[in-house]
Protein chains: 2
Amino acid sequence: MKRTKVVDALQSTDFGNEILVKGWVRSHRSSKAVDFIALNDGSTIKNIQIVVDPSTIEADKLKSITTGACIGVVGTLVESQGAGQTSEVQSKEIEIYGLCPNDYPMQKKGQSFEYMRQYAHMRLRTNTFGAVMRIRHNMAIAVHKYFHEHGFYYFHTPLITASDAEGAGEMFQVTTLDLDRVAKEGKVEYSKDFFGKKTNLTVSGQLEGELGATALGAIYTFGPTFRAENSNTPRHLAEFWMIEPEVAFMDKDELMDLEEDFIKYCVRWALDNCKDDLEFLNKMIDKNLLNTLENVIKEDFVRLPYTEGIEILKKAAEMVISSNSQSQAGDGSCFRA
Amino acid sequence: MKRTKVVDALQSTDFGNEILVKGWVRSHRSSKAVDFIALNDGSTIKNIQIVVDPSTIEADKLKSITTGACIGVVGTLVESQGAGQTSEVQSKEIEIYGLCPNDYPMQKKGQSFEYMRQYAHMRLRTNTFGAVMRIRHNMAIAVHKYFHEHGFYYFHTPLITASDAEGAGEMFQVTTLDLDRVAKEGKVEYSKDFFGKKTNLTVSGQLEGELGATALGAIYTFGPTFRAENSNTPRHLAEFWMIEPEVAFMDKDELMDLEEDFIKYCVRWALDNCKDDLEFLNKMIDKNLLNTLENVIKEDFVRLPYTEGIEILKKAAEMVISSNSQSQAGDGSCFRA
């Protein structure tokens, strides 16, 4: 029997049909007459409710299905009685793929991000991280769709490089030299390094991107970028994905048109394709999220003359410094993911 | 006046209309009555022919427009008289953006790849590299489209890592330690390195991908991967882009179905979207290219039992070794780009 994804089962109205759903248990409530298992398979933030008649399953087996357990359920798709639900599954048979010990770290809802850092390998199973990853996926797809439809070629620039792209930031060194040997012999011989010279992780694909644009007309990079800046702030990452479009024969107004259109396209894509995840984040993380996104689409972007923009940036920088937080200055020519 | 891309100008039948095209000169032939300039802007492998009446332009200016020069041309789109061409531009006015010295390295057609390695910054302007980059772009788009349409989430796994993913290959070390200082002080203190421990460039996102798949259901990675294997063969790259799908709740047959369908989808996408570039490569590089691609789509993939497959792989490996070339063994679970 072919598996039905939870996202599809929830949208289906083929009530009475037998289906097979698989996933990880989010919660399991028991009563005398009926058990409710909330099952999630990552295809959507929503769980599908599995309704179990305890007389149809061995008591010990049913009891063992705790939060985090991985199961498959064959059952009948029925119209849900619960508010805000469309369909649920009346269980006929449950197969256990993996049980979960009682010390599963995500027993309860609402753990802090800091707590979850201890369980980095598990946190993708939380609503928040799941939502963020599905939205991140959709944003990447929107980026590729947009540029493809606008005649830009996706361009993979080297990650390991011997150049430093206009000194955009502190760099990580990349080497195959044996550091213990370097220490023992008391000398660094770059002639013996992998590329025969000192190499680093790129801080930007810009230089290669410009070569691409002046040959292919219009390119964009979308790949990992590295900054070895030792700043432990939420705004700094040593490794992040950055988008850098480079285009020939385009003036500043056309470029601003492109930037505005691109951002609006991506935001619209998110609103159209990530509704459930955005609604969750709007409820739990930032009550202004949806409003802000709707506004980005509705409003025309203000365009500032360069000198005026510099003044505003300076003032913003002073505000940031005076609030004793650290911000990263960008050159305005790239988008970060 | 808005620029028209060469790819659009060549498909246009709005003969008599005035258009503006911009690009780089591929060739310039002069005669007494008329000059022909082949102009390329990277949007297609094809050039658009600019027909210049020498009486409409200063003689010195016309003469200065040599191969590699960057120009903009306003002119009338006319139906081409030449065989295999649809439209050309009857020049009214030429603007020179940049001239090209006589020692431009790509004066003639048909330079060797080895020769072009000396001009890596220029070779994207050749037909072959342009074709390869446009096809590479289209293959990346096909990869994202396929997985998106099949419910896989694009998943960015860490590039800098302290793990070594099942020992898949030799690794590059990533460090912010000052190597000269390591040599001088005679000791390596990883506690003072950026992450407080020894770190490397990833050889695979597989381990993180598995965490993604067991939370989101189905993910794929598509990012740079690194192998510090010192093998100078055409089959080895220190840095390459690799696709690694990881999926929960899928058996081997479904996985093989997916792999076959995925490869056929990408090949079909290439045939549908890269016709001109593939025809060029078929003519100049590999006369079997188009045939091979058509066959990949037409034929069912042979599926071998594991043990039989191992025997065939062993024989293939012996053949490779006996022909004294080096090949890289894959675990069959990932696609490389």
Side-chain angles (χ1 to χ4, degrees), chain A residues 3 5 7 22-24 41-43 70 72 121-122 124-125 129-130 133-134 136-137 140-141 144 148 151 153-156 158-160 170-177 179-180 182-188 194-195 201 211-212 214-218 223-224 226 228 230 238-239 241 248-249, chain B residues 3 5 7 22-24 41-43 70 72 121-122 124-125 129-130 133-134 136-137 140-141 144 148 151 153-156 158-160 170-177 179-180 182-188 194-195 201 211-212 214-218 223-224 226 228 230 238-239 241 248-249:
Chain A
R3 165 193 170 217
K5 286 192 177 187
V7 67
K22 300 179 178 182
W24 299 274
D41 69 358
S43 63
C70 184
H121 61 300
M122 285 287 174
L124 293 168
R125 294 190 188 181
F129 277 85
M133 296 317 275
R134 280 184 293 268
R136 187 181 172 101
H137 158 80
I141 295 299
H144 286 300
H148 178 66
Y153 296 109
Y154 184 30
F155 197 64
H156 292 149
L159 280 275
I160 302 174
E170 292 295 313
M171 293 188 292
F172 288 101
Q173 185 168 354
V174 176
T175 183
T176 51
L177 292 174
L179 265 54
D180 289 325
V182 167
K184 197 174 149 201
E185 296 184 352
K187 61 180 176 181
V188 192
F194 192 86
F195 296 100
L201 285 177
L211 300 177
T214 50
L216 302 166
F226 306 88
N230 206 349
E239 177 179 333
W241 284 62
F249 310 122
Chain B
R3 167 194 170 218
K5 286 192 178 187
V7 67
K22 299 179 179 182
W24 299 274
D41 68 0
S43 63
C70 184
H121 60 299
M122 285 287 174
L124 294 167
R125 295 190 188 181
F129 278 86
M133 297 317 275
R134 280 184 295 267
R136 188 181 172 102
H137 158 80
I141 295 298
H144 286 299
H148 178 65
Y153 296 108
Y154 184 30
F155 197 66
H156 292 150
L159 280 275
I160 302 174
E170 292 295 314
M171 293 188 292
F172 287 101
Q173 184 168 354
V174 176
T175 183
T176 51
L177 293 174
L179 265 54
D180 289 326
V182 167
K184 197 174 147 200
E185 296 183 351
K187 59 181 177 180
V188 192
F194 192 85
F195 296 99
L201 286 177
L211 300 177
T214 51
L216 302 166
F226 306 88
N230 206 349
E239 176 178 333
W241 284 62
F249 310 122

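Letters A, B, ... mirror the listed sequences (proteins, then strands); counts begin at 1. When reading the values below, keep in mind they use all heavy atoms of this one structure, side chains included, and skip hydrogens, waters and symmetry mates.
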Colleague: Taking the side chain as everything from C-beta on, heavy atoms only, tell me whether B:Phe155 gets closer than 4.5 Å to A:Met133.
Modeller: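 Yes, at least one pair of side-chain atoms sits under 4.5 Å.
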Colleague: When only pairs under 4.5 Å are counted, which of A:Leu211, A:Val7, A:Leu124, A:Leu159 shares the most heavy-atom pairs with chain B?
Modeller: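 Maximum pair count with chain B is reached by A:Leu159.
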Colleague: Where do B:Glu170 and B:Phe226 land on the side chain to side chain contact (heavy atoms under 4.5 Å, CB included) test, with the steps shown first?
Modeller: CA-CA 8 Å; B:Glu170 292 295 314; B:Phe226 306 88; over 6 Å; no
Colleague: Is the side chain of A:Arg134 donor-acceptor paired with the backbone N or O of A:Gly42 at a distance under 3.5 Å, no angle test?
Modeller: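 Yes; at least one donor-acceptor contact below 3.5 Å.
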Colleague: Roughly how far, to the nearest 0.5 Å, is CE of A:Met122 from CZ of A:Phe129?
Modeller: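 Reported to 0.5 Å precision, the distance equals 14.0 Å.
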Colleague: Return the option, out of A:Thr175, A:Thr176, A:Asp180, with the maximum number of heavy-atom pairs under 4.5 Å with chain B.
Modeller: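 Sorted descending by pairs with chain B, the first entry is A:Thr175.
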Colleague: Which of the residues B:Pro224, B:Gly212, B:Cys70 is involved in the greatest number of heavy-atom pairs with chain A at under 4.5 angstrom?
Modeller: B:Pro224
Colleague: On a heavy-atom basis, which atom in B:Ala248 and which in A:Trp24 lie closest, and how many Å separate them?
Modeller: CB-CH2, 4.0 Å
Colleague: At a 4.5 Å cut-off on heavy atoms, which part of B:Phe194 comes close to chain A: side chain, backbone, both, or neither?
Modeller: side chain
Colleague: I'd like to verify something: which residue of A:Phe172, A:Phe195, A:Phe249, A:Tyr154 has the highest number of heavy-atom pairs under 4.5 Å with chain B?
Modeller: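 Answer, by heavy-atom pair count under 4.5 Å with chain B: A:Phe249.
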Colleague: Can you tell which part of A:Leu177 gets under 4.5 Å to a heavy atom of chain B, answering side chain, backbone, both or neither?
Modeller: both
Colleague: Test your reading of the model: is there a side-chain donor-acceptor pair from B:Arg125 to the backbone of B:Gly130, 3.5 Å cut-off?
Modeller: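 No: the side chain of B:Arg125 does not pair with the backbone of B:Gly130.
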Colleague: So which of B:Ala218, B:Gly72, B:Gly23 has the biggest tally of heavy-atom pairs under 4.5 Å with chain A?
Modeller: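 Most heavy-atom pairs within the cutoff with chain A belong to B:Gly23.
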Colleague: Which answer fits B:Gln173, side chain, backbone, both or neither, if we ask what part of it has an atom under 4.5 Å from a heavy atom of chain A?
Modeller: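 Both backbone and side chain.
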Colleague: Is it the case that the side chain of A:Tyr153 and the backbone of B:Ser43 share a donor-acceptor pair, with hydrogens and angles ignored and the cut-off at 3.5 Å?
Modeller: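 Judged by distance alone, yes, a pair lies under 3.5 Å.
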Colleague: Using ring pair (Phe, Tyr, Trp, His ring centres under 6.0 Å) as the criterion, point out the one residue from A:His148, A:His144, A:His137 that pairs with B:His144.
Modeller: A:His144
Colleague: Chain A: which of B:Gly217, B:Ala140, B:Gly186 shares the most heavy-atom pairs with it under 4.5 Å?
Modeller: B:Gly186
Colleague: What part of B:Lys22 gets closer than 4.5 Å to chain A, counting heavy atoms only: side chain, backbone, both or neither?
Modeller: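 Both backbone and side chain of B:Lys22 come within 4.5 Å of chain A.
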Colleague: Can you tell which of A:Val182, A:Leu179, A:Asp41, A:Val174 has the highest number of heavy-atom pairs within less than 4.5 Å of chain B?
Modeller: A:Leu179
